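All values below come from the heavy atoms of this structure, side chains included, with hydrogens, waters and symmetry mates left out. Owing to the predicted nature of the structure, the values given are computational and were not obtained by experimental measurement. We count ligands from 1, going down the list as the structure has it; atoms in each ligand are counted the same way.
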Amino acid sequence: MTACIVGWAHSPFGKLADETLESLIVKVATDALDHAGIGPDDVDEIVLGHFNAGFSAQDFTASLVLQADDRFRFKPATRVENACATGSAAVRQGIRAIEAKAARVVLVVGAEQMTTTPGPQIGQNLLRASYLPEDGDTPAGFAGVFGKIAAAYYQRHGDQTDALARIAAKNHKNGVDNIYAQMRKDFGFEFCRTESERNPYVAGPLKRTDCSLVSDGAAAIVLTDATTALSMRRAVAFRANEHVQDFLPMSKRDILLFEGCEEAWARALRNAGITLDDLSFVETHDCFTIAELIEYEAMGLAKRGEGGKIALEGQTEKGGRLPVNPSGGLKAKGHPIGATGVSMHALTAAQLTGEAGGIQVEGAKIGGIFNMGGAAVANYVSILERIK
Ligand SMILES: CC(=O)CC(=O)SCCNC(=O)CCNC(=O)[C@H](O)C(C)(C)COP(=O)(O)OP(=O)(O)OC[C@H]1O[C@@H](n2cnc3c(N)ncnc32)[C@H](O)[C@@H]1OP(=O)(O)O
């Protein structure tokens, strides 16, 4: 049974000093049901994606969704976690409940509040998603992990300074038109390419503009089975949804290949019966620009070692062969860990129903999503298409 997205909601991403984790969750849960045109009584199951790992003193957070409305009382609610792919793990749990016919309507919420944590502690919290015996004390947190990956990529395939700057500039430019984005500033290629006081090196060859943002934010989607969806205002179907989990230690794999990402894309395209050429756009996990570059190769858009080439040719820019991250990605939109995967699904659904506003990809028909946890450890690919 195909699961469908029938409604969604998105908070602004950024430093949201007036919000709490609870207020963010309550707002998007309420707004997503309104958008779907249903009420709390219609919901069979609730899934919350929330990473936490020290960002919030409040743990055991699934029941925070019930704070949105007393009518949620006694409904099953569960929190799921899979590092930076936590949001997509929550989406997948909802899909599986529908496919198993255990639920007809599932409310999926993703949320994180990161900016209330002091700077150095943020890096330490994020590193809990690395293999601690190897990477637990990496300087600069997860940027340090990807700084090592970038340095190794340069060694194997040559300097990628220009390509990474092109990816950063593209995503920042796209983010200008995203009303939910944390950073709506077009920095331009030269600024992203050049080390400066405002764009210092953070880890290895990665500068500040190569890194995603530290963010607060939440997003929610409403899932139903296809029959129910067709009776509603809109229906965006999952043509595929795949999850591939790889080894956590990077020393057990060739970390420059992102093989889990490759496998997830291969399975998703096969199950959807399409090729990359059928996609109108992709939202991909650009936690660091080097990740987006390697993902071009893992998804099959570029040969190994040539991800930078297609970035420099503008193939992934709006109007290019395959627009990647029209939302501005994690780079400009922001990356509140538990919310990110849900946000990707909400904004992809919005693209496909023509509700994406300034970031709309004209004529978008099929959208792809790649959300990852750790360094290509948890790999989730969804392929979405509007059916109503
Ligand atoms: C964990 C997994 O499972 C997989 C993953 O997804 S890993 C990704 C997890 N997320 C991260 O690791 C977050 C990475 N980013 C960071 O840690 C931080 O943004 C950073 C270290 C790159 C910069 O932080 P910082 O040096 O403390 O900057 P900060 O003092 O906050 O801000 C200084 C300026 O830079 C800007 N800035 C901050 N971060 C920026 C970024 N990433 N890109 C562009 N500009 C940024 C700020 O807006 C500010 O600008 P103004 O002076 O004009 O106001």
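- Applying side-chain hydrogen bond (donor to acceptor under 3.5 Å, both in side chains) to Asn171 and the options Thr316, Thr209, Thr289, Asp286 leaves one that passes, Asp286.
- With sequence neighbours left out, the side-chain hydrogen bond (donor to acceptor under 3.5 Å, both in side chains) criterion links Asp31 to Lys27.
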N/O to N/O under 3.5 Å, ligand 1 against protein:
from, atom 1, to, atom 2, distance (Å)
ligand 1, 3 (O), Cys84, N, 3.1
ligand 1, 3 (O), Gly374, N, 2.5
ligand 1, 6 (O), His285, NE2, 2.8
ligand 1, 6 (O), His335, NE2, 2.9
ligand 1, 15 (N), Ser212, O, 2.9
ligand 1, 26 (O), Arg208, NH2, 3.4
ligand 1, 35 (O), Arg208, NH1, 3.1
ligand 1, 42 (N), Cys211, O, 2.9
ligand 1, 42 (N), Ser212, O, 3.1
ligand 1, 43 (N), Arg208, O, 3.3
ligand 1, 43 (N), Lys331, NZ, 2.9

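- A donor atom on one side chain and an acceptor atom on the other are not found under 3.5 Å apart for Asn199 and Ser196.
- Residue Lys170 forms a salt bridge (charged side-chain N to carboxylate O under 4.0 Å, His left out) with just one option from Glu313, Glu317, Glu292, and that option is Glu292.
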Check the pair Val47 / Arg96 against side-chain contact (heavy atoms from CB on, under 4.5 Å), numbers first and verdict last.
-> CA-CA 11 Å; Val47 190; Arg96 289 173 92 72; over 6 Å; no
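- If you check the side chains of Thr348 and Glu283, you find no donor sitting under 3.5 Å from an acceptor.
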